[in-house]
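Quick notes on the structure that follows.
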Amino acid sequence: MRIVKFLLISGILLTAVSCANQTDYSQAIEDGHYLTEAQKRITEVIIHDIFSPPVAARIYSYASLAAYEVAAAVDNDYESLLGQLNGSEKVNFSPSEKVYPPLASLAAYYYVGTGLIFSEDMMNEHRDATFASLKKKGIPEDVFEASVAFGKEIGDVIKAYSSKDNYHQSRSFPKFTVTGKEGTWQPTPPAYMEAIEPHWNKIRTFVMDSASQFKPLPPPPFSTDPDSEFYKVAMEVYEADKRATKEQKDIAFFWDCNPYKMNVKGHVMFAEKKITPGGHWMSIASIASKAAGRDWKGTAEAMAMTGISLNEAFISCWDEKYRSNVIRPETYINQHIDEQWVPLLQTPPFPEHSSGHSVASAASAYTLAQLFGDEFHIVDSSEVAYGLPIREFDSFSQAAEEAALSRFYGGIHYRPAIEYGIDEGRELAEFIWSRIRTKPQQVASK
């Protein structure tokens, strides 16, 4: 009798201890912190692997889409983008009761993002460290496995979707041919790199009907006549550089975002790795999500829609760049105004019109304004990790306008490319929001 009583008491104690050891993990992931940290790592990898701005935007868009689709699968307040995006099909996902959705979303982001870069070990290392820290918060092993598996299930759908956007085929397309025709783009110093992604307009769009749907106004007709409009816009760049204020120079450097910057010391040339324009705006999306107190679902939504906007912006912009094939200010000024002139910023390796910063920034700003309201104070610390200070803005549109104008201050764009690029980016973003939706109550029409 005493033994039975002892066993009964022991069982009760073991049950009590077991219950006490079961940590409530429901709040292990509340906000978008882990998603934005994963995004920071993918930005580091993009810089390390030296992906071009258009390719970087593609990476951000698919990884963020995967994270968002988990939110749409578990919350009726969010609408799946599959079936809305060009070439995609609606999928009805059914997560098991063991799935912890925010972990599944994070797993989907890591899984898809890692499949789109070269340095997979860098992403896997970050993922493993993050998962280890989350396990310490008491997430049971079976829940962890089910959540990661569900993230992979959605990730596989996004991977399959991405594989049909013509990116891999474009890797074997012919290189851009420099014709030498007067007024057309030529490689610029110091590295004289070949033009990047001349066939980016062949990439499948997410929303636009075609790459040329939002063709901007054309640049002024090329001329070397001092009385011509082209000569005047080139002279404007030249003179602005000479009288640039410290504030204007600071703005130019803050928004430089040139992953191809080469430094020359004596007979040695080495690259200076920097964030891309898309990486900067994805960072702003994360900063805004945190400032607005968005949970992981709201953060995934902001990341996905900003990524989609950036992807469309670079397809549209690159379509125009290689159609108009305009000579850069550096080349024109050296040939016709001052052969010794060097712009404040290093000229990136592709044609001038329209300005990629202008199109991408205007599109991103419009999208973020739909999610947070345009008059949203931004403490932009995106460039701190790259040795630059914080800048603050009172609206997304203010940030976009400064980003666009920075290219003029930097001496790498004529003013028309900037002004027309802003219009191009805003128009295509308006179109995106008229065609797709993330909330059931939003009105979107095909």
Side-chain angles (χ1 to χ4, degrees), residues 52-53 175-198 218-226 228-245 248-265 269-272 274 276-277 317-318 320-360 403-421:
S52 69
K175 296 180 180 180
F176 181 72
T177 301
V178 178
T179 64
K181 181 182 177 182
E182 189 178 41
T184 60
W185 180 84
Q186 299 174 34
T188 50
Y192 296 93
M193 295 176 62
E194 62 185 32
I196 65 157
E197 302 299 345
F222 177 78
S223 175
T224 60
D225 183 343
S228 69
E229 185 180 357
F230 200 99
Y231 190 94
K232 289 175 181 177
V233 297
M235 182 60 76
E236 184 184 21
V237 174
Y238 178 67
E239 292 177 344
D241 176 77
K242 289 188 173 299
R243 63 172 185 268
T245 65
Q248 290 171 340
K249 291 179 180 178
D250 288 344
I251 289 171
F253 288 126
F254 182 77
W255 293 101
D256 186 13
C257 303
N258 181 3
Y260 295 101
K261 187 176 186 298
M262 302 296 292
N263 296 295
V264 180
K265 287 189 177 181
M269 182 179 292
F270 60 95
E272 180 180 339
K274 292 186 176 183
T276 63
C317 181
W318 253 241
E320 175 59 34
K321 280 186 179 294
Y322 288 96
R323 176 175 38 251
S324 54
N325 192 20
V326 177
I327 189 172
R328 284 281 184 170
E330 182 171 14
T331 308
Y332 184 90
I333 292 170
N334 287 165
Q335 291 177 352
H336 305 290
I337 298 174
D338 181 353
E339 64 180 12
Q340 300 299 320
W341 183 77
V342 177
L344 180 64
L345 299 182
Q346 193 171 111
T347 303
F350 34 82
E352 191 271 344
H353 192 86
S354 52
S355 158
H357 269 58
S358 303
V359 182
L405 196 54
S406 74
R407 315 311 275 168
F408 176 73
Y409 294 150
I412 59 178
H413 273 296
Y414 312 111
R415 195 178 287 274
I418 292 166
E419 295 175 351
Y420 303 162

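Both backbone and side-chain heavy atoms feed into the values below; hydrogens, waters and symmetry mates do not.
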Taking side chain to side chain contact (heavy atoms under 4.5 Å, CB included) as the definition, give me every residue that meets it alongside Ser223, ordered by chain and number, with sequence neighbours left out.
Asp225, Ser228
How far does CD1 of Ile337 sit from CD of Gln335, to the nearest 0.5 angstrom?
10.5 Å
Side chain proximity check, Tyr332 to Val233, heavy atoms < 4.5 angstrom:
no
Closest heavy-atom pair and its distance - Asn334, Asp338
ND2-O, 3.1 Å
Qualifying residues under ring-ring contact (aromatic ring centres under 6.0 Å, His included), relative to Phe254, sequence neighbours excluded
His280
Closest approach of Pro187 to Val178 (non-hydrogen atoms, all atoms of both residues):
CD-CG2, 4.0 Å
I'd like to check the side chain to side chain contact (heavy atoms under 4.5 Å, CB included) partners of Lys232; sequence neighbours left out, ordered by chain and number.
none
Please list, chain by chain and in numerical order, all residues satisfying salt bridge (Lys or Arg N to Asp or Glu O under 4.0 Å) with Asp250, sequence neighbours excluded.
Lys246
If we only count heavy atoms from C-beta on, is the Glu182 to Thr224 side-chain gap below 4.5 Å?
yes
Testing the basics here: between Pro259 and Pro53, what is the closest heavy-atom pair and its distance to 0.1 Å?
CG-CD, 4.0 Å
Side-chain heavy-atom pair Pro218, Ser324 within 4.5 angstrom cut-off:
no
Evaluate Leu405 against Arg415 for side-chain contact (heavy atoms from CB on, under 4.5 Å), listing each step before the verdict.
CA-CA 8 Å; Leu405 196 54; Arg415 195 178 287 274; 3.9 Å; yes
Rounded to the nearest 0.5 Å, how far does OH of Tyr238 lie from NE2 of His336?
14.5 Å
Candidate pair Arg323 and Glu320, rule salt bridge (charged side-chain N to carboxylate O under 4.0 Å, His left out), full reasoning
CA-CA 5 Å; Arg323 176 175 38 251; Glu320 175 59 34; 2.8 Å; yes
Can I get a per-line list of side-chain donor-acceptor pairs under 3.5 Å for residues 191-198, giving both atom names and the distance, sequence neighbours left out?
unit_1, atom_1, unit_2, atom_2, d
Glu197, OE1, Arg171, NH2, 2.7
Glu197, OE2, Arg171, NH1, 2.9
Glu197, OE2, Arg171, NH2, 3.4

Would you check if the side chain of Arg328 reaches a backbone N or O of Ile412 as a donor-acceptor pair within less than 3.5 Å?
yes
In Å and rounded to the nearest 0.5 Å, what is the CZ to CD1 distance from Phe222 to Ile327?
5.5 Å
Does any non-hydrogen side-chain atom of Pro416 lie less than 4.5 Å from one of Pro219?
no
Salt bridge flag under 4.0 Å for residues Asp256 and Lys261:
no
I'd like a table of donor-acceptor pairs (distance under 3.5 Å, sequence neighbours excluded) in which one partner is a side-chain atom from residues 339-357, with atom names and distances.
unit_1, atom_1, unit_2, atom_2, d
Trp341, NE1, Asp241, OD2, 3.1
Gln346, OE1, Met262, N, 2.8
Gln346, NE2, Met262, O, 2.7
Thr347, OG1, Glu330, OE1, 2.7
Glu352, OE2, His413, ND1, 3.1
Glu352, OE2, Tyr414, N, 2.9
His353, NE2, Leu217, O, 2.9
Ser354, OG, Glu424, OE1, 2.8
Ser355, OG, Ser358, N, 3.1
Ser355, OG, Ser358, OG, 2.8
His357, ND1, Arg407, NE, 3.4
His357, NE2, Trp255, O, 2.6

Between Phe408 and Glu236, is there a side-chain heavy-atom distance shorter than 4.5 Å?
yes
